[in-house]
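Only this structure's heavy atoms are used, side chains among them; waters, hydrogens and symmetry mates stay out. Note that ligands are numbered from 1 as they come in the structure, with each ligand's atoms numbered from 1 the same way. Please read all numbers here as calculations on a predicted model, not as lab measurements.
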Amino acid sequence: MATTADIVCVGSGHNGLVAAAYLAVAGKKVLVLERNEWFGGGVVTRELTVPGFRHDQHSMAHIFIQANPLLANDDLKLKERYGLRYLFPEVPMMSVFEDGKTLSLYRDSQRTYAEIKKFSARDAEAYREISEQARAWLPMFTSSLYSPPIPLGAQFALLDQSREGRDLFRVMSMSSHDLLCERFENDRVRMHFARIAGENLVAPDEKGTGIGTFVFLGFLEAYGFGVPVGGSGSLTNALIACIKDHGGQVLSKATVERIKVAKGRATGVVTKDGQTYDARDAVIGAIHPHLLGDMVEGIDPIVRKTAEATQFSEAACVTVHAALNAPLRFKAGDHVKAVMIELLPNEYEQLRRSFDDLRYGNLAQYPLLGIGSLTLFDPSRVPAGKAIAHIWDYAPYKRRDGFSWDHKKGEFAQRMLTHAARFIDNLGPDDIVAYHCDSPVDMERTSPSFMHGDLHGIATTVYQSGAHRPTPDLGQFTVPGIDRFYLVGPFQYPGGGVFGAGRATAMRMFEDLKLDFEKQGRKK
Ligand SMILES: Cc1cc2nc3c(=O)[nH]c(=O)nc-3n(C[C@H](O)[C@H](O)[C@H](O)COP(=O)(O)OP(=O)(O)OC[C@H]3O[C@@H](n4cnc5c(N)ncnc54)[C@H](O)[C@@H]3O)c2cc1C
């Protein structure tokens, strides 16, 4: 086994793999070390319940990566050569209200217009305006998401130079709730879009979330929600195949404890079992800001302190993965078919109050359940006629009742299933072959990126966004004072989600290693 490589990458999450793959294709000898027995971090498909049922343990919809040149140009030939394929269902997202009403967001904005018109003709017009604005802003969003961020001061100065920029700044500063109340009159329509913002683990009342509606809608209508054939892990598999094809290695059960630094330059890593792996050129690390100080030798104490002060989202995530005897039958009707299905109360205020409950460390009075049953689109993941469901809810990481999540997660999973059964006819004990639940604590056990059960690693607040994510020191994927050490992770720019953001880290590395990013690591 090689103990020296050009590039050593700590962690096989998709972002580390993306960065490593660009470098491997550019001719660097790459070694990826993963602490788990499996690869992919949050982009993984596993038989979590019974053999033959393949569940996406974390991410299931690949949304923001679709505009990344990694896939849009097939830079690394993941589609052409390494078997990555996506389905794009016509309804990415649907709200199902408790009284049986539904509201679908289609890729086709005309059809969404007609859906919203069922609730309010005025809101349908307002939606049209938002959709058009989102389409107009989309090229600006996509041009900035997959390369290193511009400094925050420069970004704000740029926005302040035009009316359009100032409009955008206003929306960026508002809460989703403020924006939705300004634009829509109907509470169901408001709630539908507020829940979309909530998928970022933020309450609709959180300031600085208004822009999410435009980003989400712009992507959803232009690209759809990508459902990887075979499961989320197909992306990980394609990236690993690419790395190996270019002479790289990817090892499991290798926990990195320390980044070696000599004369202010990262020179390799040391694993838990005492093995040293040297890096001739650079080290890439999926290392949470709260862990950097303990793992990186000689880190500046102020950089460390600021990194450890990064804050988590108020909501942590709990998931239930169920193996089912048959596809789900929704009480609202057979038309309920979308990548993400949100189970919502009849009153918008109830949704807002549930997010408030989380803020005070309580369980949400009304569960905030979302469901994906991707066997609706890709039956290859289960035995013939069977199905799977991925159900998620939000909860505080630290329970107010003092019980541990290990003690209480079974009860919480039952609460989730019972609530979902109010919307679904066949989700009783006889319908479920087996299920697996990940509490916020399990979530952080699967990857330190999901510390505190925060599926974005740290909160997506204004002060932890853009070039200041996770901190102003670390916002350019580098650590001041430590050369040739580069960061990846959901806590880095642009944030949590399957973005393929490792591309931006790779760009930074290509520059330092005097490689031409435009020429190498691209589809020929
Ligand atoms: C429940 C859940 C549902 C989600 N759903 C979606 C979704 O539908 N769509 C979407 O876009 N996003 C979703 N996300 C978010 C998305 O999964 C993550 O943002 C993304 O996977 C982060 O990728 P990453 O490569 O940056 O980090 P990770 O996937 O966390 O990868 C980091 C890897 O590094 C390894 N590692 C860390 N430290 C060490 C060490 N010291 N030594 C060795 N290995 C180490 C970890 O084990 C892990 O494998 C979801 C997340 C969760 C938790």
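Side-chain contact between L217 and F193 is present, with at least one heavy-atom pair separated by less than 4.5 Å. Using a 4.5 Å heavy-atom cutoff, the side chains of V339 and V91 are not in contact. Under the 4.5 Å side-chain criterion, counting only non-hydrogen atoms from C-beta, T271 is not in contact with T255. Contact check for K29 versus H246: no side-chain heavy atoms found under the 4.5 Å cut-off. At a threshold of 4.5 Å between non-hydrogen side-chain atoms, the residues N68 and F499 do not count as touching.
Annotation for ligand 1: atoms under 4.0 Å from non-hydrogen atoms of A286 are 32 (C), 34 (O), 37 (C), 38 (N). Taking every non-hydrogen atom of S449 and a distance limit under 4.0 Å, the qualifying atoms of ligand 1 come out as 27 (O), 28 (P), 30 (O), 32 (C). Atoms of ligand 1 found under 4.0 Å from any heavy atom of G40, numbered from 1 in the order shown, are 29 (O). Taking every heavy atom of A254 and a limit of under 4.0 angstrom, the matching atoms of ligand 1 come to 42 (N), 43 (C). Listed by number with element, the atoms of ligand 1 under 4.0 Å from a non-hydrogen atom of G42 are 17 (O), 21 (O), 28 (P), 29 (O). In the vicinity of T319, heavy-atom distances shorter than 4.0 Å reach the ligand 1 atoms 1 (C). Remark: ligand 1 atoms within the under-4.0 Å shell around heavy atoms of N36 are 47 (O). Annotation for ligand 1: atoms under 4.0 Å from non-hydrogen atoms of G489 are 26 (O).
The distance criterion of under 3.5 Å between nitrogen or oxygen atoms is met by G497 with respect to ligand 1. At a 3.5 angstrom cut-off on N or O pairs, H456 does not count as close to ligand 1. The N/O atoms of G496, backbone and side chain alike, include none that comes under 3.5 Å of an N/O atom in ligand 1. The distance criterion of under 3.5 Å between nitrogen or oxygen atoms is not met by H390 with respect to ligand 1. Considering backbone and side-chain atoms together, H14 places an N or O closer than 3.5 Å to an N or O of ligand 1. On a distance-only criterion, E34 and ligand 1 share at least one N/O pair closer than 3.5 Å.
Screening H456, Q464, M451 for a side chain to side chain contact (heavy atoms under 4.5 Å, CB included) with F312, the sole residue that qualifies is M451.
Residue V256 touches ligand 1 through backbone and side chain together, judged by heavy-atom distances below 4.0 Å. At a heavy-atom distance under 4.0 Å, only side-chain atoms of P448, from C-beta outward, approach ligand 1. Heavy atoms from both the backbone and the side chain of V498 come within less than 4.0 Å of ligand 1. For T446, every heavy-atom contact with ligand 1 shorter than 4.0 Å involves the backbone, none the side chain. Of all the heavy atoms of M295, the ones lying under 4.0 Å from any atom of ligand 1 belong exclusively to the side chain. Within the 4.0 Å heavy-atom criterion, neither part of V488 lies near ligand 1.
A salt bridge is defined here as a Lys NZ or Arg NE, NH1 or NH2 lying under 4.0 Å from an Asp or Glu carboxylate O, and E411 with K408 meets this definition. Taking the charged nitrogens against the carboxylate oxygens, R381 and D56 do have a contact shorter than 4.0 Å, which makes a salt bridge. Electrostatic pairing of K272 and E257 does not count as a salt bridge here, judged by no charged N lying under 4.0 Å from a carboxylate O. Between E37 and K253 no salt bridge is recorded (no basic side-chain N to carboxylate O distance below 4.0 Å). Using a 4.0 Å cut-off between charged nitrogen and carboxylate oxygen, K409 and D438 do not count as a salt-bridge pair.
Counting protein heavy atoms only, atom 40 (C) of ligand 1 is closest to V10 CG1, 3.6 Å. Atom 24 (P) of ligand 1 has N15 ND2, 3.6 Å as its closest protein atom, hydrogens excluded (heavy atom only). Looking from atom 34 (O) of ligand 1 to the surrounding protein, the closest heavy atom is G11 CA, 3.1 Å. At the top of the distance list for atom 51 (C) of ligand 1, counting protein heavy atoms only, stands L455 CB, 3.5 Å. Nearest protein neighbour of atom 31 (O) of ligand 1, counting heavy atoms only, is G13 CA, 3.1 Å. Scanning the protein heavy atoms around atom 39 (C) of ligand 1, the nearest turns out to be R35 CD, 3.6 Å. Atom 9 (N) of ligand 1 has its closest protein heavy atom at A61 O, 2.8 Å.
Among G41, S59, P490, the residue whose heavy atom lies nearest to atom 7 (C) of ligand 1 is S59.
In this structure, H288 contributes its side chain and H290 its backbone to a donor-acceptor pair below 3.5 Å. One N or O on the side chain of T209 and one on the backbone of S176 form a donor-acceptor pair closer than 3.5 Å.
Aromatic pair F225/H62: ring centres not closer than 6.0 Å.
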For a ring-ring contact (aromatic ring centres under 6.0 Å, His included) check, start with the C-alpha distance between F477 and Y486, then their side-chain angles and the critical distance, and finish with the verdict.
CA-CA 5 Å; F477 315 111; Y486 301 89; 9.1 Å; no
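A238 and L84 make their closest contact through CB-CB, 4.1 Å (heavy atoms, listed as atom of the first residue, atom of the second, distance).
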